[in-house]
Undergrad: 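Can you read through this structure? Questions will come right after.
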Amino acid sequence: MAELLIRATDVTRRFGDFTAVDQVSLTVEPGEIVGLLGANGAGKTTLIRMILGLLPPTDGRLELMGRAPDREGRARLGYVPQGLGLWDDLTVEENLAFVDEAFGSRATAVPEALATSRESLVGGIGLGRQRQLAFAAALGHGPELLVLDEPTSGVDPLSRARLWDTIHESADAGAGVLVTTHYMQEAEQCDRLVLMSQGVAVASGQLADIVGGTTALAVRTERWQDAFAALDDAGVLVMLSGTHVRAVDASAERVRAALGGLEAELEAVPATLEEAMVARERAAA
Amino acid sequence: MKAMILKEFRELRRDRRTMAMLIVLPIVLLTIFGYAANFTVDTIPTRVIGPGAEQVVANAPDLFEIGEVDADATTNDALAWMRDNETEVVIDTTTQPPTAYVDGASLFTAQSASVAFARMGDQVQVDILFNPDLETSWVMVPALIGLILTFIGTIITSIGLVKERQSGTLEQLAVMPLKPADVIIGKIAPYFLLASFDMLVVTFLGVWIFDVPFEGNPWLFAVGAGIFLFVVLGIGVLISTVSQTQAQAIQLAIMLLLPQILLSGFIFPLDAMPTAIAAIGRCLPLTYFVEIAQGIFLRGAGISALWIPFAVLTGMALLVFSAAVLRFRRDLAPSAHHRAKAKAA
């Protein structure tokens, strides 16, 4: 078995009385993309900061490249933080040159999409291009592990697709990837997922494992607003997509009872990842 | 409008630094200014030499606080004491009439002494040393160099470091395989070099434009300025480690800069301040740099005369810079810090 790039075992981080991360376990192997999912404040970034050695865990065991997180381990990874970690007052080329020198790597080529901006100050280029540059900087030294904290946040769909192509290429080349996101479409591109809610890992495994345990019923009716209100009042977990009402983790009998005399057609449908996440979060609460 | 005013007060109440600036600073400034802003010198340390010493001591006005009376000392001894800043005035009775050597580098003291001697008529001839025309610029320029270094060291350095934290790139530096020492030296060295360059420019301009004499050893001055730079850069780094935003860093730097301007002897003479206020001044690094700069520029003083301010500044530099580096290092390598703590436990 290949060396685990990340091994977190029952990791906990407390800030005073507040527990930001509570006994979370996680592994990342070479060549796999692990998605860390959760709402804002779920503890994803705190967990990443501990993995990188920027924040000591209060309890539990953490290994990065087979040892406690340290400078040698960090030298073998590429990191794209939420804030991108670029120097606004340096040009695109100067940013890459500095990172290359810090990692002692060969000169990273300016990505084609940034060719016309190579001498532009980073603070003056758009967010999409800044993200591409952050990726190029993180990948320049051929890292064995990529740690990406919401790497596509605020990026248009086309740029997001391009960035995910880059992530897949890195994984195909053997790099492990740990990526946090709250975009469900992105989560579906991961090999494994860890769902976090209020600091706790409420589910983990492949997409099918996580979604498989959740049921959904499509509720088809002209009076969709009334149906939504009735189900919500009855405490059924109900989701709305446009005018389509979906009841999550509820039996047909319970849904019928909640709808009362309201005429509706029910159909069992596969739950989405979002529905599975919300159901898990509700169960954990 | 009422909602807006309430919101503003609520925000201000929770912004403790701004509240300190608004409430505490005016009180502190008023108190310090009230006591420190005093150009009138009440006593002047004085020595008397030569055969007529006893008679002069008997007739000297109260302003002159007679310390040592040495009938056997010579004029050369008197000049050496003055150069080494051991006293402000020496009355030399080996000449006829007696000569009062007055330290022109201590501007207000010299002015007060000159007025007092003038009232004595022809009894004493006055020789103002080091700054014969009592030029204000001669006294101010060497001290201004210290103020400029303080400004660059504290405000500019802290802003530069906080910018790195605010933009999130400090975290990126912490993740890179750079040693904390590389990051700290790499961050501070440019400010050190720029401040050194500024020091050279201001020194040359001061000498060139204002004809300020440079009597002492330039290398000794460079060493003194270098040590002082370590202190002020250390203060700048410390400010950056306790500030989340550039505005906070500027606020804190101003709070530390103002007392240095007022209480370092740069504007108001320390001798004219009440003991408690002067004691605060004695805790400030600029006080010692002003002593070194004025001593080397005007008196041509050497290390034997300036070892005390040199020693104090060196102690401050070691203390402040070490604290700054340790705090900055903790920001860069928290896990290593944690491991060290765990081992100690």
Side-chain angles (χ1 to χ4, degrees), chain A residues 11 13 45-46 48-59 61-65 67-90 95 98-105 122-123 130 133-134 137-138 140-141 143 145-150, chain B residues 152 155-191 193-194 240-247 249 325-345:
Chain A
V11 172
R13 175 69 208 197
T45 299
T46 304
I48 281 195
R49 287 174 58 78
M50 286 192 284
I51 289 168
L52 294 172
L54 297 174
L55 194 65
T58 312
D59 211 348
R61 189 179 167 80
L62 258 173
E63 284 180 10
L64 177 68
M65 312 290 181
R67 53 205 283 178
D70 61 1
R71 197 164 60 244
E72 283 74 23
R74 288 194 289 262
R76 293 161 60 189
L77 65 82
Y79 174 47
V80 178
Q82 267 185 49
L84 298 181
L86 297 170
W87 286 268
D88 286 353
D89 294 332
L90 296 184
N95 263 277
F98 172 65
V99 176
D100 286 338
E101 201 157 330
F103 279 93
S105 57
V122 164
Q130 285 187 359
L133 175 61
H141 58 288
L145 171 68
L146 268 179
V147 179
L148 312 170
D149 196 359
E150 299 193 7
Chain B
I152 294 172
I155 297 188
I156 309 287
T157 307
S158 59
I159 287 175
L161 292 175
V162 170
K163 186 180 171 194
E164 195 94 60
R165 180 194 309 278
Q166 220 175 335
S167 64
T169 45
L170 193 64
E171 183 171 292
Q172 190 71 335
L173 290 174
V175 174
M176 287 177 171
L178 297 166
K179 290 180 190 160
D182 292 341
V183 177
I184 294 166
I185 294 170
K187 277 301 295 185
I188 294 171
Y191 295 104
L193 293 173
L194 285 172
S240 77
T241 60
V242 295
S243 303
Q244 294 304 315
T245 64
Q246 294 185 5
V325 168
L326 285 175
R327 277 203 63 108
F328 195 61
R329 191 188 155 86
R330 200 176 66 172
D331 286 352
L332 281 172
S335 282
H337 171 76
H338 181 75
R339 278 197 297 274
K341 260 175 70 179
K343 266 187 192 168

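Letters A, B, ... mirror the listed sequences (proteins, then strands); counts begin at 1. Heavy-atom basis, side chains included; hydrogens, waters and symmetry copies ignored. This structure is a prediction, so every number in the text was calculated from the model and none was measured.
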Undergrad: Using a cut-off of 6.0 Å, state whether more than 12 heavy atoms not belonging to E72(A) lie near its atom CD.
TA: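 More than 12 heavy atoms, drawn from other residues, nucleotides or ligands, come within 6.0 Å of this atom.
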Undergrad: Chain B heavy atoms under 4.5 Å from L77(A): which part of the residue, side chain, backbone, both or neither?
TA: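 The answer is the side chain of L77(A).
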Undergrad: Can you name the nearest heavy-atom pair linking L84(A) to Q172(B), along with the distance?
TA: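 The pair with the smallest heavy-atom distance is O-NE2, 4.4 Å.
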Undergrad: What heavy-atom pair brings T169(B) and G85(A) nearest, and what distance separates the two atoms?
TA: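 Nearest heavy atoms, T169(B) then G85(A): CG2-C, 3.6 Å.
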Undergrad: Could you check whether any side-chain heavy atom of K163(B) comes within less than 4.5 Å of a side-chain heavy atom of W87(A), counting everything from C-beta outward?
TA: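 No, every pair of side-chain atoms sits at 4.5 Å or beyond.
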Undergrad: Identify each donor-acceptor pair in which a side-chain atom of residues 178-186 of chain B lies under 3.5 Å from a protein atom, sequence neighbours left out, and give them as a table.
TA:
none

Undergrad: Please look at V99(A) and chain B and tell me whether the side chain, the backbone, both or neither of the residue comes under 4.5 angstrom of a heavy atom of that chain.
TA: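 Both backbone and side chain.
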Undergrad: Can you tell me how far apart OH (Y79(A)) and CD (E171(B)) are? Round to the nearest 0.5 Å.
TA: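 Rounded to the nearest 0.5 Å, the OH-CD separation comes out at 4.0 Å.
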Undergrad: Please state whether the side chain, the backbone, both or neither of D89(A) comes within less than 4.5 Å of a heavy atom of chain B.
TA: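 Looking at D89(A), just its side chain touches chain B.
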Undergrad: Without swapping roles, check the side chain of R71(A) against the backbone of V175(B) for a donor-acceptor pair under 3.5 Å.
TA: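 Checked: no pair found.
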Undergrad: Over all heavy atoms of both residues, which pair between M176(B) and A102(A) is shortest? Give the atoms and the distance, please.
TA: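 Closest approach of M176(B) to A102(A): SD-CB, 3.7 Å.
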